[in-house]
Asks: 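Okay, handing you the structure first.
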Amino acid sequence: MNTHTITDPSALLDERFRAAIIAAVPEFDPSRINTSITASRQPKFGDFQCNAAMGIAKRVGKQPREVAAAIVANLDVAGIASPITEADIAGPGFINITLLPEALAASLDALDSPQLGIPIPAQPKTIVVDVCGVNLAKQMHVGHLRSTVLGDAIARLNERAGHRVKRQSHVGDWGLPIAMVVEKLIELEDSGKSTDTITLDTLNTYYKSAQEKCKGEHTAHKAIIKYGSHPKALAECELRIEDADAAMKRAKSRLVALQSGDQRSVAVWQRIYDTTMTECLATCKRLNANITDEHSAGESTYRDELVGIVDDLVSRNIAEEDDGALIVRVDGIKAPCIIRKRDGGFLYATTDLAAIKRRVEKLEGDTVVYSVDSRQALHFKQVFGVARKAGYDLKSDGTQANLVHAAFGTIMGDDGKPFKSRSGGTAKLSDLLDEAVTRANASVAEKNPDMPDSERGPIAEAVAIAAIKYADLSNESIKDYVFNFDRMLAFEGDTGPYLLYALVRISSIFRKANESGIDTKGAMAAPFMLNDPAEKALALAILRYPRTLNGASEAFEPNRLCAFAYDLASSFSSFFDKCPVLHNDDAASQASRLRLCDLAGRVLRDALGTLGIPTVERM
RNA sequence: GCGUGCGUAGCUCAACUGGAUAGAGCACCUGACUACGGAUCAGGAGGUUGAGGGUUCGAAUCCUUCCGCGCGUGCCA
């Protein structure tokens with residue numbers, strides 16, 4: 001017997017109803033039975049309900065209520081739920097189920113283990129998760145928030161579900177833009193300036209100016225031709241284009257030097273790499289995202305594989321030449337996937353193909369999931385299509401790996417447009433975090449004036465990160481969402497701080513209990529007494545943890561676990577209000593409630609940990 | 001144009017993937033032994049789920065036609 005069957009009442013009910021359905025409707029293919037046991041939305045419909053009768057009735061051509069009655073007649077829920085009769089059949093054939101108090105207590109008791117009822121899969125899978133994906137010489141900005149936070153959460157969800165997870169950060173460390181910055185640094189060195197203590201901020205400036213220098217003027221030129229301008233301005237512009245062309249030429253030859261392993265170029269590149277990654281990984285750490293150096297898989301690491309892949313696709317007639325470029329056509333997609341430019345250069349599609357190959361063949365991924373902006377949907381459709389066509393998705397056992405684009409929407413500002421910094425540019429991620437921390441600090445100081453600064457600092461940091469991450473994770477990821485400090489940092493309502501507050505109250509109860517000499521340790525073995533509706537509601541909320549976690553991990557949807565966490569915190573708050581724990585003369589009830597508090601706290605903490613949200617003891 | 005996604009309370013979002021009377025949070029109104037942390041709890045008001053049609057016992061969810069918005073769209077990543 002596995003843990004799942006014991007701790008999750010819905011799993012227990014699933015078994016009993018399956019048996020009843022087989023007996024009640026023998027003509028129905030047992031392998032197609034879906035018992036459809038769900039938690040009831042309203043208490044008056046019981047604790048759980050079975051919605052299977054309607055669907056089965058349709059397929060076997062019977063009346064739904066007739067099927068429901070047959071199921072009930074063949075049903076044995078002894079030891080789990082109150083006896084179920086025809087009176088429990090409602091509407092078109094819903095079967096309402098109310099758990100026995102002792103069964104509820106037993107389930108809770110079984111869940112109360114270090115594993116917290118999460119089943120360990122018989123055959124763990126390997127899930128490769130594409131996360132973060134920063135670019136050299138560029139600061140992390142809002143655009144990286146979601147790929148980092150969501151990607152890490154998806155990784156954690158699958159780790160918690162018992163799978164092997166391999167994070168891969170596809171670092172943009174290759175190509176012309178980087179060569180431009182390398183060239184810039186070398187020019188500086190040649191003019192006698194030291195670049196030893198260069199910062200990422202400075203690199204970022206170089207990156208932008210190099211970009212503009214090499215192509216910005218061309219667009220300006222086009223605009224002038226199109227809309228007309230003073231001849232002098234035009235002449236000046238053309239002069240600058242000559243400059244730009246020269247710069248572009250230098251950058252391209254620098255790229256060649258870099259790619260062919262020129263020592264000096266590589267050394268400068270390495271410095272840029274180190275400077276960028278040191279700062280970005282620090283930001284990841286600050287975000288409580290488990291993304292470290294070992295997860296970095298830069299585009300440069302694929303450079304020696306690209307030629308082989310392209311040759312392979314050509315020799316197998318998967319790729320074809322078209323207008324000088326090399327393309328692969330994928331069924332159902334109009335736009336072909338370009339894997340080599342007319343000038344012989346490779347594109348990011350080529351690199352991504354190499355990445356898929358590595359992730360399936362070398363990293364042995366059963367699933368390769370990409371936490372990447374939804375605007376890249378077409379790109380991934382193409383690349384996945386090419387990979388399948390070429391068989392790069394085939395695992396060693398010959399079956400196909402599951403390629404998933406876990407797409408997410410854009411972060412918007414209050415004006416409904418993509419989020420910008422106050423000055424209008426792209427907002428640097430660390431600045432955003434700083435502002436959230438400042439605000440959290442002020443709030444904590446206001447609510448809790450006695451707390452010393454030294455204690456408040458780290459707490460404000462955790463509260464701010466929790467607020468930002470919860471806001472990001474709790475929405476359905478595919479949708480755009482509005483980034484609003486006031487809303488996410490509000491200590492009321494469906495926010496990160498509210499969840500932390502629930503934990504703080506639990507911690508506080510135990511602090512107080514221990515101070516007054518109550519045997520909290522002993523209470524951890526106390527029998528659960530769940531007589532008050534609020535106690536029962538809290539128990540039912542806790543018991544939903546295993547199912548919710550599995551559903552969220554399988555669907556790569558962290559927002560489901562967020563909803564669970566909020567529901568749990570909210571159920572706890574109601575319980576806290578109605579069921580005194582310490583101000584309670586009944587020793588048995590007190591012990592039960594202490595244990596319930598402890599379990600609720602551990603489950604909530606575990607859920608938040610699985611989302612990558614930091615927690616605190618006080619706030 | 002084609003492709004793709006979205007449209008739910010005044011605002012921000014859910015809806016266990018086709019289930020019962022569409023739920024939360026802000027904001028608004030009314031309450032709660034001076035509170036085991038009130039950063040809370042209980043209640044009220046707030047809806048033709050963009051519009052029409054279809055599928056069925058049952059639709060916010062699936063199909064279809066419109067409307068509106070976003071995004072992508074052959075040699076950037």
Asks: When all nucleic acid strands are considered with a 4.0 Å heavy-atom cut-off, which category describes A:N484: base, sugar-phosphate, or nothing?
Replies: nothing
Asks: Quickly work out the A:R375 CZ to B:C71 C1' distance and round it to whole Å.
Replies: 7 Å
Asks: Under 3.5 Å, is there a donor-acceptor pair linking the side chains of A:N559 and A:S477?
Replies: no
Asks: How would you label the contact of A:A490 with the nucleic acid (heavy atoms, under 4.0 Å): base, sugar-phosphate, or nothing?
Replies: nothing
Asks: Could you state the CG-C1' distance from A:D577 to B:G43, rounded to the nearest angstrom?
Replies: 13 Å
Asks: In sequence, state the C-alpha distance, the side-chain angles, and the governing distance for A:V72 and A:D88, and then conclude on side-chain contact (heavy atoms from CB on, under 4.5 Å).
Replies: CA-CA 9 Å; A:V72 167; A:D88 296 303; over 6 Å; no
Asks: Could you tell me whether A:R487 contacts a base, only the sugar-phosphate backbone, or nothing, with contacts defined as non-hydrogen atoms closer than 4.0 Å?
Replies: sugar-phosphate
Asks: Given that A:I95 and A:L582 both sit by RNA chain B, which one's nearest nucleotide is further toward the 5' end?
Replies: A:I95
Asks: Within the 4.0 Å heavy-atom criterion, would you say A:E299 contacts the bases, only the backbone, or no part of the nucleic acid?
Replies: sugar-phosphate
Asks: Would you call A:Y566 stacked on B:A24, i.e. ring centres under 5.5 Å apart with the planes less than 30° off parallel?
Replies: no
Asks: Across the strands shown, which category fits A:A377 at heavy-atom distances under 4.0 angstrom: base, sugar-phosphate, nothing?
Replies: nothing
Asks: Strictly by Watson-Crick or wobble contacts shorter than 3.5 Å, is anything paired with B:A24, and which nucleotide is it?
Replies: B:U12
Asks: Under 4.0 angstrom, heavy atoms only, what part of the nucleic acid is A:C597 near: base, sugar-phosphate, or nothing?
Replies: nothing
Asks: Report which part of the nucleic acid A:R41 touches: base, sugar-phosphate, or nothing (heavy-atom distance under 4.0 Å, all strands).
Replies: base
Asks: Nearest of B:C41, B:G19, B:C6 to any side-chain atom of A:K479?
Replies: B:C6
Asks: Would you indicate what A:E476 reaches in the nucleic acid, counting non-hydrogen atoms under 4.0 angstrom: base, sugar-phosphate, or nothing?
Replies: sugar-phosphate
Asks: For a quick test of reading the model: is some side-chain N or O of A:R505 closer than 4.0 Å to OP1 or OP2 of B:G38?
Replies: yes
Asks: Which nucleotide, B:G70, B:C75, B:U40, lies nearest any side-chain atom of A:D480?
Replies: B:G70
Asks: For A:Y566 and A:Y498, take the angle between the two ring planes, folded into 0 to 90°, and tell me which bin it lands in: parallel under 30, tilted 30 to 60, perpendicular over 60.
Replies: tilted
Asks: Quick check, are the ring centers of A:Y348 and A:F346 under 6.0 angstrom apart?
Replies: no
Asks: Please pick, from B:A20, B:A14, B:A39, the nucleotide with the shortest atom-to-atom distance to any side-chain atom of A:F94.
Replies: B:A20
Asks: With distance as the sole criterion, is a donor-acceptor pair present between the side chains of A:T350 and A:R340 under 3.5 Å?
Replies: no
Asks: OP1 or OP2 of B:A14 less than 4.0 angstrom from a side-chain nitrogen or oxygen of A:Y481, does that happen here?
Replies: no
Asks: Closest to the A:N559 side chain: B:G19, B:G74, B:A14?
Replies: B:A14
Asks: By the 4.0 Å heavy-atom rule, please label A:R544 as base, sugar-phosphate, or nothing.
Replies: nothing
Asks: For A:A555 and A:L326, find the nucleotide of RNA chain B closest to each by heavy atoms; which residue's nucleotide sits nearer the 5' end?
Replies: A:A555
Asks: For A:A563, which contact category applies under a 4.0 Å heavy-atom criterion: base, sugar-phosphate, or nothing?
Replies: nothing
Asks: Just wondering, more than 12 heavy atoms not from A:K536 lying within 6.0 Å of its NZ?
Replies: yes
Asks: For A:Q590, answer base if it contacts any base atom (sugar-phosphate contacts may also be present), sugar-phosphate if it contacts only those atoms, and nothing otherwise; contact means non-hydrogen atoms under 4.0 Å.
Replies: nothing
Asks: With the side chain of A:K381 defined as its heavy atoms from C-beta on, choose the nearest nucleotide among B:U4, B:U73, B:C41.
Replies: B:U4
Asks: Would you mind telling me which of B:U73, B:A20, B:C75 lies closest to the side-chain atoms of A:L378?
Replies: B:U73
Asks: Please tell me which of the listed nucleotides, B:G74, B:G37, B:C41, lies nearest to the side chain of A:S574?
Replies: B:C41
Asks: Any donor and acceptor pair, going by atom type alone, linking the side chain of A:N475 with main-chain N or O of A:Y481 inside 3.5 Å?
Replies: no
Asks: Once hydrogens and angles are ignored, does a donor-acceptor distance under 3.5 Å link the base of B:G37 to the side chain of A:K512?
Replies: no
Asks: Tell me what A:K58 touches on the nucleic acid: a base, only sugar-phosphate, or nothing, going by heavy atoms under 4.0 Å.
Replies: base
Asks: Would you mind reading off the distance between A:Y470 atom OH and B:C26 atom C1', rounded to a whole angstrom?
Replies: 14 Å
Asks: Mind checking A:D373 for me? I need base, sugar-phosphate or nothing, with any heavy atom below 4.0 Å counting as a touch.
Replies: nothing
Asks: Regarding A:F510, tell me which of base, sugar-phosphate or nothing describes its non-hydrogen contacts under 4.0 Å with the strands shown.
Replies: nothing
Asks: Could you please name the option among B:A77, B:G72, B:G74 that lies closest to any side-chain atom of A:P336?
Replies: B:G74
Asks: Using the glycosidic torsion, which applies to B:U17: syn (within 90° of 0) or anti (everything else)?
Replies: syn
Asks: Taking the side chain of A:Y501 as its heavy atoms from C-beta onward, which of B:C57, B:G37, B:G74 lies nearest to it?
Replies: B:G37
Asks: Judged by atom type as modelled, is there a donor-acceptor pair below 3.5 Å linking the side chain of A:Q382 to the main-chain atoms of A:P336?
Replies: yes
Asks: Ignoring the backbone of A:V482, work out which of B:C75, B:U56, B:U12 is nearest its side chain.
Replies: B:U12
